[in-house]
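Accompanying notes for the structure given below.
Counting starts at 1 for both ligands and their atoms, in listed order. Values in this document were obtained by computation on a predicted structure and should not be read as measured data.
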Amino acid sequence: MALLVQKFGGTSVGSVKRIQSVATRIAASKDLGHELVIVVSAMGHTTDELTCLAQAISKKPPQREMDMLLATGEQVSIALLSIALHELGVQAVSMTGAQVGIVTESSHGGARILEVRTESIKQKLGEGQIVVVAGFQGTSLSSGGTAEITTLGRGGSDTSAVALATALDAEACEIYTDVPGVLTTDPRKVANAQLIDTLSCNEMLELASLGAAVLHPRAVELARNYGVLLRVKSSWTYDQGTTLTSQGQRSLGREGLELGRPVDGLELIEGQAVLGLSHVPDKPGIAADLFESLSNQGVNVDLIIQATHEGNSNDITFTVDEIELPKAQKICKNVLQKIGGELLAQTGMSKLSISGAGIMGRPGIAATLFDTLSRKGVNLRLIATSEVKVSCVIDASFGAKSLRAVTDAFELDDNQVKINPKVSGIGEPEVRGVALDPYQAQVCVRSVPDKPGTAAALCCALADAGISLDAIVQSERQQKNGARDISFTLKKTDRLQAGTALVPLLAKWPGSQLEDGPEITRVSAVGSGMPATPGTAGRMFRALAEAKINIAMIATSEIRTSCVVAKADGLAALQAVHNCFDLGGQDALQQKDNFF
Ligand code: ASP
Ligand code: MG
C-alpha cells in the first residue's frame, strides 16, 4: 500500500460537478488500497476574485489581511471535496495548513515552508481517513506568539503538495491539472508540441518559462532537493502524464525545508582551452558554420558565448578539452579565412561550477561566487549562468585555491565537491524541450576594466537590489586601454532599477556606460544528454540560420543552450529549434474533451 499525495488545481475543482468527479477519482485510488493525502487549490478563479475585492477597497491592502482573505479560497474547496467524498461513502477529513502543521516563515504573501509537523496527519491516515489539505497556506508564529495564517505565493499549492510528500516520505506526489503534462514546448506557439514522458527536475528548472506554466518552481526545487518522485497528469484523463525525476537525497534537517543551503555541488574541470574569435561578421549562419565544422570533425564543445558589438561584428568564445585544441584551432582558422576575424587561443584553463536549485532566483549566489573568486585575485575568463548552475572559466593555476575558497563560502561538504567528474547525461536526449522567454532585456556595459572583481562588482551591485543577471558575456576584444564590454540579459521589469543600482559603480569606471540593446527574446533548448552529445549547438544554430534568423547572443550552460534573437524573430526561432530536434509529433496533441 503506497502513500500518495495528490494535488488538484483550481480548474479541477472549479465547479460542484468537477469536485464530484475528482471525488470519484480519489475514491477509486482509495479502492486500490492507497493511503491518500489530497491537496487542493481554491475553486476556479477564486483567488483572483478575492484579490479584486481587496483592490476595490485599497490599492495597497496589508499583506497580513490579504493572506487572511486568500486562504479562505482553499478552505472552501477542502470542505466541499470532503463532503463529496462522504457522499461516496469514503472517510475523509479536511484540514487547513495550520491544522496539518505546515509551518512557514513569518513573512506574508510568499512565505517559505520551514517544516511540516506530521503527527496529526499521520494519526488521521492511521484511522483510515483520506486527509484533504488546503494548499497554498501555512502558519507562522508571530512575535506575540499568536498563530498567523500565511500564504506561499501564487501557485503555491504545488509547493504544499511536494512539501507534504517530502515530510511524509510519500511514494509519489501527483499533480493533477488541466494540461496533459509537461510538453516539449508551448502548444499555443508550436502546434505539434508533444508530451514529455520523463524529464529531470533540473531540466524542468532550466526550461523556466515553460516549466513554470505547469508547476510552481519552488515545488520542483523541493522535489529536486529531497528526491520526491513527481508526476504531472491531466485531471480529465487516465493518461500517464509526465514523470519528473531527481537524484536529490537531502534529508530533513534542522534547516527550514525550503531554506536549506541553495548550493549543493561544486565542480572543477581541468585541462580546458578557450578559443576566442573576434570581429566576425554579425549575420546568420556564422555560428552554424563554425560549430557544425567542429562537430563534423568530432570536437565536443562545452561552453559557448557570443555577444554583439558596435560596428556590426561579433565575438564568439568557446571552450574545449585541451586535447582538442590543435584540431579546433585549425578548424577555426579555416572558417576565419572565409569570413575574416581574429583568433585567440588559451590553454591551461579550468572550469569551476556551482550547482543548486533556483540559483537564478537568488541573485546573491552568483554574486557571492564571483566575489569570493575576486577576493582571491582570480580573473574570470568566461562566465555562464543558468537556473541550476553558474560556471566560470579561470586560469588553472588558481584551481585549488578557488576550490577551497568556494567550498568555504558555500559551506559545502567534501562529498559535494568533485574534481574532473565523468561526463554526465550519456544515453539521455540532447534536447528534451524548448522554451521561449520574451521577458528579457539586453544591456551592455561598455568599457569596463579587465581585472579581477569587475564581474563580481556588477553582480553584487545588482544582487543587492535583488536583480538576477542571465547570460553574462564578456567581450573578446579589448580597447586600447585594456577595457572590455560586458553584456548581459535581465528581466525587463528589472531594467530601470538596474540602471539606478549601477550608477555608483559606473562612476568608479571612467569612460564606462550602460547601453540598451534592441528588443529581444530568448530561445533555450534544454536536455540532460547535451554534455555527452557533440554538435547540439551547431544543429541549433543551423536551424536558426536556415530560418534566416540572426543570433544576437549565445549563452550555454551544461544542459542548456540559449540564443538571444530579435523580438520579431522569437516565434519563428522557437518553431525552427523545436523542429530541428524532432520534438514535434505528427499532429497536434489530442487534448481530450473535458469529461466533467
Ligand atoms: N489558489 C492559489 C492561486 O491561485 C494557489 C494555487 O492555486 O496554487 O495562486
Ligand atoms: Mg497551479
message = With a 4.0 Å heavy-atom cut-off, what residues sit around ligand 1?
response =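 Heavy-atom contacts below 4.0 Å: S41, A42, T47, E74, F136, R154, G155, G156, S157.
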
All N/O donor-acceptor pairs, side-chain side in residues 67-85, below 3.5 Å, sequence neighbours left out:
residue, atom, partner, partner atom, Å
D67, OD1, G109, N, 3.3
D67, OD1, T151, OG1, 2.8
D67, OD2, H108, ND1, 2.8
D67, OD2, G109, N, 3.0
D67, OD2, T151, N, 3.1
T72, OG1, L69, O, 2.5
E74, OE2, A42, N, 2.9
S77, OG, S41, O, 2.7
S77, OG, G73, O, 3.3
S82, OG, I78, O, 2.9
S82, OG, S94, N, 3.4

request  = Identify whether the distance between the nearest side-chain nitrogen and carboxylate oxygen of R224 and E387 falls below 4.0 Å.
outcome  =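 Looking at R224 and E387, the cut-off is not met.
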
ask   = Would you say the side chain of L462 lies within less than 4.5 Å of the side chain of F488, judging by non-hydrogen atoms?
value = yes

Polar side chain donor-acceptor pair, Q123 to E127, under 3.5 angstrom = yes

remark   = Residue pairs passing the side-chain hydrogen bond (donor to acceptor under 3.5 Å, both in side chains) test with at least one member in residues 50-59, sequence neighbours excluded, are none

message = Tell me every residue that passes ring pair (Phe, Tyr, Trp, His ring centres under 6.0 Å) with Y176, counting only those two or more places apart in sequence or in another chain.
response =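 F8.
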
